[in-house]
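The figures here come from the full heavy-atom set of this structure, side chains too, leaving out hydrogens, waters and symmetry mates.
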Amino acid sequence: MRILISNDDGYFAPGLACLFQHLSAIADVVVVAPERDRSGASNSLTLNRPLNLRQASSGFYYVDGTPTDCVHLAVTGMLDTQPDIVVSGINSGANMGDDTIYSGTVAAATEGFLLGIPAIAISMARHEPVHYDTAGKVAVDLVQRFMTQANSHPWLLNVNVPDIPHEQLQGMEVTRLGKRHKAEPAVKSSNPHGQPVYWVGAAGKAQDAGEGTDFFATSQRRVSITPLQIDLTQYNQLDAVRSWIGTQK
């Protein structure tokens, strides 16, 4: 089995090294990751310049682009054979609810999915986590399940792992995305020249975090697994918009 690993924290990130260590024990693994932290890059592609691909002393390949660039370049231009699965992570911090729209970790997995490859995005449910090894073991479990129970259609799975020792996990739960309150206001400051600068505000706290959501599962020490889709069509508004603009079905 061949696995393509990427992330959005950069090729030097501890979560990436942990993921490689665990998955390379069960499969042939290639790492293609951004050369620097690209958190929040979402599904952006670099179209205004060529991309540079280099190899670090660790053996990991890195690209001066986004997480999406990394997976796209690897699958469509670098690798001789298509990987069996794309695994993105292990991210330092949760990617739950609205986070998935902005997440470069999820974006790397999404690009694999869009290219017809099953994909998993895996994140620690806390910033500055300690127990990356827990998520590494969860990744091995999920990939081994895939190896023995391959689905006929590619899945895109968003996985969040509590930052606790593996033996303290209370199992896995298939969840839906919760929802956050709106983001905190931008923080205004000044640069050394006295000119105004702004920091993007912190993500809002969980709003829809009840039973069945990713927020709830991780709060109960369970691994949250959410299947994602790409179709953004709001189907229950199609007729209302048709009526609004005066067209027929």
Side-chain angles (χ1 to χ4, degrees), residues 1-95 99-100 102-115 117 119-124 126-140 142-143 158-161 163:
M1 187 177 194
R2 194 171 202 193
I3 302 173
L4 172 62
I5 291 179
S6 192
N7 74 347
D8 71 352
D9 289 331
Y11 73 94
F12 47 80
L16 183 73
C18 179
L19 187 62
F20 174 80
Q21 178 185 358
H22 281 81
L23 292 183
S24 62
I26 63 167
D28 179 16
V29 177
V30 176
V31 175
V32 184
E35 70 170 354
R36 62 182 177 88
D37 189 340
R38 297 304 302 265
S39 298
S42 190
N43 296 87
S44 56
L45 279 169
T46 300
L47 302 177
N48 60 347
R49 61 173 176 83
L51 296 168
N52 293 301
L53 174 71
R54 295 184 173 88
Q55 190 171 23
S57 58
S58 62
F60 296 175
Y61 291 93
Y62 61 94
V63 177
D64 60 340
T66 67
T68 302
D69 288 333
C70 294
V71 174
H72 190 89
L73 183 155
V75 174
T76 67
M78 171 190 164
L79 299 177
D80 295 330
T81 58
Q82 181 169 289
D84 297 296
I85 190 168
V86 173
V87 183
S88 178
I90 301 166
N91 191 63
S92 175
N95 279 305
D99 303 340
T100 56
Y102 306 100
S103 168
T105 303
V106 175
T110 299
E111 186 64 14
F113 176 76
L114 289 173
L115 293 170
I117 304 168
I120 300 171
I122 186 162
S123 306
M124 300 298 299
R126 191 180 76 171
H127 287 290
E128 299 184 0
V130 176
H131 300 285
Y132 283 111
D133 190 63
T134 300
K137 292 177 180 177
V138 169
V140 168
L142 293 175
V143 169
N158 185 44
V159 179
N160 284 273
V161 181
D163 186 32

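For the pair Ala108 and Pro67, the tightest heavy-atom approach, listed with the atom from each and the gap, is CB-CB, 3.9 Å. In terms of heavy-atom proximity, Ala27 sits nearest to Ile3 at CB-CD1, 3.6 Å. Heavy atoms only, all atoms of each residue included: Pro83 and Ile117 are closest at O-CG2, 3.7 Å. Here the shortest heavy-atom pairing between Gly89 and Ile5 reads O-CG2, 4.5 Å. The minimum heavy-atom distance between Val106 and Ala121, with the atom names listed, is CA-CB, 3.9 Å. Nearest heavy atoms, Arg36 versus Phe12: CA-CE2, 3.9 Å.
Atom CG of Asp69 is separated from atom OG1 of Thr46 by 3.5 Å, given to the nearest 0.5 angstrom. Asp8 CG to Asn95 CG: the interatomic distance, rounded to the nearest 0.5 Å, is 7.0 Å. Note that the CG atom of Asp99 and the OG atom of Ser39 stand 11.5 Å from one another [nearest 0.5 Å]. Once rounded to the nearest 0.5 Å, the distance linking NE2 of His131 with CZ of Arg126 reads 7.0 Å. Within the model, atoms CG of Leu115 and OG1 of Thr110 stand 11.0 Å from one another, a figure rounded to the nearest 0.5 Å. Here the CG-CD1 distance, from Asn91 to Ile122, works out to 10.5 Å after rounding to the nearest 0.5 Å.
Of the possible donor and acceptor atoms, one in the side chain of Thr76 sits under 3.5 Å from a partner among the backbone N and O of His72. Between the side chain of Ser88 and the main chain of Thr105, a donor-acceptor pair closer than 3.5 Å is present. No donor-acceptor distance shorter than 3.5 angstrom exists from the side chain of Asp37 to the backbone of Gly10, with no hydrogens or angles considered. Between the side chain of Ser123 and the backbone N or O of Asn160 there is no donor-acceptor pair closer than 3.5 Å. Under the 3.5 Å distance criterion, the side-chain polar atoms of Asn52 are left unmatched by any main-chain donor or acceptor of Asp64. A donor-acceptor contact shorter than 3.5 Å links the side chain of Asp9 to the backbone of Ser92.
Residues Asn158 and Thr100 have side chains that never bring a donor and an acceptor to within less than 3.5 angstrom of each other.
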*Show the numbers, then the answer: is there a side-chain contact (heavy atoms from CB on, under 4.5 Å) between Leu114 and Glu111?*
CA-CA 5 Å; Leu114 289 173; Glu111 186 64 14; 4.0 Å; yes
_If you apply the rule side-chain contact (heavy atoms from CB on, under 4.5 Å), what do you find for Val30 with Arg2, and how did you get there?_
CA-CA 8 Å; Val30 176; Arg2 194 171 202 193; 3.6 Å; yes
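Residues Leu4 and Gln82 form no side-chain contact, since every pair of their non-hydrogen atoms from C-beta on lies 4.5 Å or further apart. Under the 4.5 Å side-chain criterion, counting only non-hydrogen atoms from C-beta, Pro34 is not in contact with Thr66.
The number of heavy-atom neighbours closer than 6.0 Å to OH of Tyr102, taken from other residues, nucleotides and ligands shown, is 12 or below.
A ring-ring contact (aromatic ring centres under 6.0 Å, His included) with Phe20 holds for exactly one of Tyr11, Phe60, Tyr61; it is Phe60.
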